[in-house]
Number of protein chains: 2
Amino acid sequence: MASLKLNDIPPDIVIGRLPLYLRALTRLKQEGNDVTSSHELGRHLGISSAQIRKDLSHFGGFGKQGTGYQIEYLVAKLEQVLQVDREWLVIVVGAGNLGSAIAHYRGFADRGFRIAWLVDASAEKIGQKVGDLSVHPISDMQTIIRQNGVKVAMLAVPAEHAQSVADQLIDAGIRAILNYAPITIKVPDNVKVQYIDPVVHLQTMTYFLRSED
Amino acid sequence: MASLKLNDIPPDIVIGRLPLYLRALTRLKQEGNDVTSSHELGRHLGISSAQIRKDLSHFGGFGKQGTGYQIEYLVAKLEQVLQVDREWLVIVVGAGNLGSAIAHYRGFADRGFRIAWLVDASAEKIGQKVGDLSVHPISDMQTIIRQNGVKVAMLAVPAEHAQSVADQLIDAGIRAILNYAPITIKVPDNVKVQYIDPVVHLQTMTYFLRSED
DNA sequence: ACGCATTTGTGAAATAGTTCTCTGGTTTTT
DNA sequence: AAAAACCAGAGAACTATTTCACAAATGCGT
């Protein structure tokens with residue numbers, strides 16, 4: 001297979017920046033650019049050029065001295081590194097306002113993810129149409145995951161149900177959970193979790209809202 | 001004023017964890033606990049106890065040897081540090097699926113924020129009811145911000161409009177922007193920005209979805 | 001009253017991450 | 001054709017962050 005050349009073990013924090021590089025590069029491409037440099041990319045992202053070069057160097061030499069990076073090539077490489085050079089099927093748990101908004105969002109498709117199922121616990125939601133999807137009962141959740149080999153889930157249920165739903169997801173084979181519930185969940189080492197809690201971001205910012213300028 | 005005792009300048013990364021501590025503490029309180037320890041809190045959050053003690057020590061000694069932390073007291077202190085011991089008025093820009101989901105979400109109120117206005121650029125949305133709010137025209141945005149001294153905004157517009165809307169927000173007095181658009185925006189030093197892009201989180205996780213376990 | 005188990009806060013040590021600086025190669029300008 | 005401007009990659013230096021380890025304080029059980 002020899003899928004990916006690692007010059008050493010890249011720190012997690014580096015992995016977390018790669019999607020940002022990918023996003024910025026895609027935009028630069030859309031704007032008509034064919035090549036870019038660590039300096040230009042850094043300017044777009046508010047990151048030092050040295051950091052970008054160092055980050056990329058963990059995965060191989062993608063650039064050319066004097067020229068910079070061929071955007072198309074670098075995008076392909078980063079997609080390969082992040083394994084989004086394929087399509088991941090995603091199941092969304094919770095068809096409330098948030099789950100529905102996720103199901104409607106058009107921004108997943110061209111970045112490696114297809115929202116393929118939406119499940120909910122409440123009887124009155126079952127069968128309802130949300131965008132292209134119809135809401136499935138949560139009792140079918142594990143079957144859907146197992147039969148389709150789903151590995152990625154988004155969790156948009158109330159905090160009090162997040163842990164038990166996560167347990168069921170993992171039991172059925174889910175290995176990556178994007179958790180919108182404002183609570184830390186416990187998962188085994190072989191499962192990844194990321195969190196989205198807008199209030200955490202807001203509270204981080206209000207800390208700095210002291211000075212009068 | 002002498003509002004906050006700082007033993008030294010706390011790193012930004014520490015500030016980013018305080019909302020997580022606050023969230024976990026609030027939950028512990030709800031579950032009927034009155035005191036906790038750095039060890040217990042760390043277990044809930046998947047963080048070492050030493051880190052929690054070190055983080056808190058930047059703002060003063062909130063605990064008691066042998067006993068731990070009085071949750072109510074620590075919550076009050078953290079709210080004070082983060083300045084969420086008051087209510088921040090928030091304006092949401094963009095009344096699409098995402099903006100609407102934000103406007104409906106009940107989780108802001110008890111954590112320091114009140115979603116008070118929802119504005120949108122498209123004529124057909126103006127006047128529509130979204131939860132308790134009605135959609136205002138984006139032409140009123142700066143007036144709303146100025147007249148009410150709004151400092152915090154959430155940005156839920158398409159990527160191509162994010163920068164220009166941000167510029168207008170900042171011009172009107174906004175000092176903290178939570179940006180849901182998948183693009184990095186440029187802001188002056190005295191403005192804080194945080195980003196929420198679910199795809200970035202998903203792509204970070206798929207990197208690790210290599211091994212078969 | 002005393003010993004033992006707990007627990008904080010903290011300086012020191014250990015890790016981790018970022019920036020600097022230079023080498024070698026490329027492109028553009030004159 | 002030479003000079004000047006660019007640029008990636010990488011080791012070294014530097015800075016930041018986390019963990020360790022321990023003194024001092026508290027509460028509990030006997």
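In what follows, chains are A, B, ... by sequence order, proteins preceding strands, each numbered from 1.
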Using distance only, find each side-chain donor-acceptor pair of residues 96-109 of chain A under 3.5 Å and give its atom names and separation, not counting sequence neighbours.
from, atom 1, to, atom 2, distance (Å)
A:Ser100, OG, A:Ala95, O, 3.2
A:Ser100, OG, A:Gly96, O, 2.7
A:His104, ND1, A:Ser100, O, 3.0
A:His104, NE2, A:Gly131, N, 3.4

Side chain to side chain contact (heavy atoms under 4.5 Å, CB included) partners for B:Thr143, two or more places apart:
B:Gln147
Among residues at least two apart in sequence or on other chains, which ones pass side-chain hydrogen bond (donor to acceptor under 3.5 Å, both in side chains) with A:Arg114?
A:Glu87
Between C1' on D:dA16 and CD1 on A:Ile13, what's the gap in Å once rounded to a whole number?
10 Å
Let's see if you get this right: which residues in residues 21-28 of chain A place a heavy atom under 4.0 Å from DNA chain D?
none
Between P on D:dT15 and CG on B:Asp12, what's the gap in Å once rounded to a whole number?
18 Å
Short side-chain N/O contact from A:Tyr69 to OP1 or OP2 of D:dG9, under 4.0 Å:
yes
Residues which pass side-chain hydrogen bond (donor to acceptor under 3.5 Å, both in side chains) with B:Ser48, listed by chain and number, not counting sequence neighbours
none
Would B:Leu78 and B:Arg23 count as a side chain to side chain contact (heavy atoms under 4.5 Å, CB included) if you check the C-alpha gap in whole Å, the side-chain angles of each, and the deciding distance to 0.1 Å?
CA-CA 10 Å; B:Leu78 286 179; B:Arg23 200 176 69 177; over 6 Å; no
For A:Val14 and for B:Ser49, locate the closest nucleotide of DNA chain C by heavy-atom distance; then report the residue assigned to the nucleotide nearer the 5' terminus.
B:Ser49
For the pair made of CD1 in A:Ile9 and C1' in C:dG17, what is the distance, rounded to whole Å?
15 Å
Check side-chain hydrogen bond (donor to acceptor under 3.5 Å, both in side chains) between B:His201 and all other residues, then give those that pass, not counting sequence neighbours.
A:Gln194
If I take atom CD1 in residue A:Ile52 and atom C1' in nucleotide D:dA10, what distance separates them, rounded to the nearest angstrom?
17 Å
What is the distance, rounded to the nearest whole Å, between atom CG of A:Leu56 and atom P of D:dA10?
11 Å
note: A:Gln70, atom CD; D:dC7, atom P; distance rounded to Å ~ 14 Å
Side-chain donor-acceptor pairs of residues 153-169 of chain A under 3.5 Å, sequence neighbours excluded:
from, atom 1, to, atom 2, distance (Å)
A:Gln163, OE1, A:Lys186, N, 2.8
A:Gln163, NE2, A:Asp167, OD1, 2.8
A:Gln163, NE2, A:Lys186, O, 3.1
A:Ser164, OG, A:His161, O, 3.3
A:Gln168, NE2, A:Ser164, O, 3.4

Could you identify which residues of residues 31-42 of chain A place a heavy atom less than 4.0 Å from some atom of DNA chain C, listed by residue number, or say none?
none
Contacts of B:Ile47 that satisfy side chain to side chain contact (heavy atoms under 4.5 Å, CB included) - sequence neighbours left out
B:Arg17, B:Tyr21, B:Leu45, B:Gln51, B:Ile52
Separation of A:His58 atom NE2 from D:dG11 atom P, in whole Å?
11 Å
Not counting sequence neighbours, which residues clear salt bridge (charged side-chain N to carboxylate O under 4.0 Å, His left out) with A:Asp171? List them please.
A:Arg146
Could you check how far CG of B:Leu74 sits from P of C:dT8, rounded to whole Å?
10 Å
Taking salt bridge (charged side-chain N to carboxylate O under 4.0 Å, His left out) as the definition, give me every residue that meets it alongside A:Arg27, ordered by chain and number, with sequence neighbours left out.
none
Checking B:Lys77 against B:Phe62: charged group under 6.0 Å from the ring centre and within 45 degrees of the axis?
no
How does each nucleotide of nucleotides 19-30 of chain D score, in 5' to 3' order, for protein heavy atoms under 4.0 Å: base (B), sugar-phosphate only (S), or none (-)?
B-B--BBBS---
